[in-house]
Protein chains: 2
Amino acid sequence: MSSDIPGFELPLRLLLGFRVLIDELHAELGRQGHPDMRPTHGFVMQAIGRGSTTAVDLGRTLGVSKQAAGKTIDVLERIGYVERTVDPHDTRRKIVRLTPYGVDALVRSGHIFETLRERWAGELGEERVQAMVADLRKVTPPDLFRLDTPGWFGTL
Amino acid sequence: MSSDIPGFELPLRLLLGFRVLIDELHAELGRQGHPDMRPTHGFVMQAIGRGSTTAVDLGRTLGVSKQAAGKTIDVLERIGYVERTVDPHDTRRKIVRLTPYGVDALVRSGHIFETLRERWAGELGEERVQAMVADLRKVTPPDLFRLDTPGWFGTL
DNA sequence: TCTATATAGTGAACCAGGTTGTCTATCGTG
DNA sequence: CACGATAGACAACCTGGTTCACTATATAGA
């Protein structure tokens with residue numbers, strides 16, 4: 001059952017591909033002790049990385065308002081993935097850091113994604129997966145977290 | 001700023017590819033007389049065009065609740081893309097049909113997607129675009145509108 | 001040094017697009 | 001013809017965004 005709009009298949013397959021990977025990631029993360037992690041969280045935690053960030057900084061990186069970033073940090077803090085400390089050099093700022101539990105989620109995500117990628121490579125061939133990523137790199141913005149559509153991040 | 005998680009690039013590129021196409025589609029649709037059309041609407045209208053005729057039916061096709069489908073139909077009706085008529089054979093049912101304005105939006109979407117696909121083919125080569133779609137078809141669900149994740153549709 | 005401006009974080013009100021639960025009207029079958 | 005299934009609508013709620021408004025702090029300039 002194909003679409004009535006021929007050109008529609010390309011964007012749809014890209015979306016479905018993304019969804020398939022993300023859904024399987026979170027199903028597996030749930031089994032590995034991270035049942036509360038949502039797709040958004042992975043992106044945010046990656047943006048936080050091992051370094052220190054603030055809500056404003058994070059919002060800028062992800063392309064959302066500082067308030068939205070702040071809300072997400074609230075959630076992440078509540079479920080134990082990040083912690084906030086006051087910046088001694090600027091008492092307005094609150095520095096966000098990953099907790100060990102947060103780092104664990106990120107490390108496991110990496111392993112799961114590798115496994116999924118290997119599964120795709122098994123079906124398509126490793127060179128096809130590499131080609132797909134290489135091709136997409138040519139037609140998408142260079143900076144992973146930058147897309148000038150406000151709120152694009154909500155697509156998770 | 002590259003990701004700390006190596007396997008993360010594949011899903012992210014898929015998402016970015018989708019977003020790039022959808023964003024350009026809607027920018028161009030806005031210029032062509034459809035400024036109020038949202039990414040969701042294209043999916044819903046396509047489902048309607050393919051024969052999903054009531055809210056319940058539409059919800060089933062899209063994998064969302066009948067209430068969610070009903071809300072979306074309300075919006076689409078208000079901005080003139082669809083119209084509801086009562087089914088003479090079953091007065092409980094309200095049959096949803098595309099208006100000419102709705103058909104126009106769908107036709108224009110098709111042309112714009114074709115143009116965008118050609119742009120990609122110009123950068124990557126037509127055979128690479130074909131290969132990408134073919135590969136993705138192998139690793140994603142066969143039915144375009146079926147993904148067993150409830151609410152996946154909200155990813156637009 | 002003091003003042004003006006910029007910045008960090010927070011709260012509130014709002015929106016979109018989902019969810020579940022409940023209710024009514026109608027259909028269709030045993 | 002009664003009863004179970006179905007279609008639609010309404011309400012309350014959730015999540016993850018938005019903007020506006022505010023406080024507290026930092027910093028640059030007269």
Side-chain angles (χ1 to χ4, degrees), chain A residues 15 19 22 26 36-45 47 52-79 82-96 145 147-156, chain B residues 15 19 22-23 26 36-45 47-48 52-79 82-96 145 147-156:
Chain A
L15 174 62
R19 292 294 324 186
I22 289 294
H26 286 278
D36 295 328
M37 191 163 163
R38 309 265 315 113
T40 323
H41 300 159
F43 283 77
V44 176
M45 288 166 67
S52 47
T53 329
T54 66
V56 166
D57 198 11
L58 194 56
R60 206 146 27 210
T61 305
L62 298 170
V64 298
S65 65
K66 61 179 181 174
Q67 294 90 335
K71 281 189 194 179
T72 307
I73 294 171
D74 288 344
V75 174
L76 252 23
E77 190 176 36
R78 189 169 44 71
I79 60 182
V82 305
E83 57 193 5
R84 274 191 260 225
T85 56
V86 176
D87 184 344
H89 304 307
D90 182 344
T91 59
R92 291 172 309 176
R93 307 176 81 221
K94 293 191 179 174
I95 295 174
V96 183
F145 287 102
L147 194 60
D148 49 1
T149 312
W152 75 271
F153 191 63
T155 4
L156 298 175
Chain B
L15 174 62
R19 291 296 323 186
I22 288 295
D23 291 349
H26 285 278
D36 295 330
M37 191 163 162
R38 311 263 315 112
T40 323
H41 301 160
F43 283 77
V44 176
M45 289 165 66
I48 294 170
S52 286
T53 48
T54 67
V56 166
D57 199 11
L58 194 57
R60 207 146 27 210
T61 305
L62 297 170
V64 299
S65 64
K66 60 179 182 176
Q67 293 91 335
K71 281 190 196 181
T72 307
I73 294 171
D74 288 343
V75 175
L76 251 23
E77 192 176 35
R78 190 169 44 71
I79 61 182
V82 305
E83 55 193 7
R84 273 192 261 225
T85 55
V86 177
D87 184 343
H89 305 307
D90 184 343
T91 59
R92 290 172 307 175
R93 307 176 81 222
K94 293 193 180 174
I95 296 177
V96 183
F145 288 102
L147 193 60
D148 50 0
T149 312
W152 75 270
F153 192 64
T155 3
L156 298 174

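So that the names make sense, note that chain A is the first sequence line, chain B the second, and so on, each numbered from 1. Computed from a predicted structure; not experimentally measured.
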Discussion item. Without decimals, in angstroms, what is the distance between H26(A) NE2 and dT15(D) P?
Written reply: 16 Å

Worksheet item: With the sugar-phosphate defined as primed atoms, P, OP1 and OP2, and the base as all remaining atoms, what B/S/- string results for nucleotides 4-10 of chain C, 5' to 3', for protein heavy atoms under 4.0 Å?
Response: --BBBBB

Worksheet item: How many Å lie between NZ on K71(B) and C1' on dT20(C), as a whole number?
Response: 11 Å

Worksheet, complete the sentence: Closest non-hydrogen atoms of K66(B) and V56(B), given as atom of the first, atom of the second and distance, are CD-CG2, 3.9 Å

Item to complete: Report yes if at least one side-chain N or O of T40(A) is closer than 4.0 Å to OP1 or OP2 of dT15(D); otherwise report no.
Response: no

Worksheet item: Got a sec, which residues hit side-chain contact (heavy atoms from CB on, under 4.5 Å) with E83(B), two or more places apart in sequence or on another chain?
Response: R97(B), T99(B)

Worksheet item: Expressed in angstrom and rounded to an integer, what is the separation of I73(B) atom CD1 from dA16(C) atom P?
Response: 17 Å

Item to complete: Write down the distance between CG (L62(B)) and C1' (dT19(C)), rounded to a whole number of angstrom.
Response: 16 Å

Worksheet item: Got a sec, which residues hit salt bridge (Lys or Arg N to Asp or Glu O under 4.0 Å) with D87(A), two or more places apart in sequence or on another chain?
Response: R93(A)

Item to complete: Whole angstrom is fine here: how far is it from CG in D36(B) over to P in dA16(C)?
Response: 11 Å

Response to the item:
Contacts of R84(B) meeting salt bridge (Lys or Arg N to Asp or Glu O under 4.0 Å) (sequence neighbours excluded), chain-then-number -> D74(B), E77(B)

Item to complete: Please state how far atom CZ in R78(A) lies from atom P in dG16(D), giving the value in whole angstrom units.
Response: 10 Å

Worksheet entry | Under-4.0 Å side-chain N/O to phosphate OP1/OP2 contact, S65(B) with dT19(C) | yes

Worksheet entry | Whole-Å gap separating P (dG18(C)) and CZ (F43(B)) | 11 Å

Worksheet item: Any side-chain N or O of T72(A) less than 4.0 Å from the OP1 or OP2 oxygen of dT15(D)?
Response: no

Discussion item. My understanding is that only residues two or more places apart in sequence, or in another chain, count here; which of them pass side-chain contact (heavy atoms from CB on, under 4.5 Å) with A69(B)?
Written reply: L58(B), V64(B)

Worksheet item: Mind checking what makes salt bridge (Lys or Arg N to Asp or Glu O under 4.0 Å) contact with D90(B), not counting sequence neighbours?
Response: R92(B)

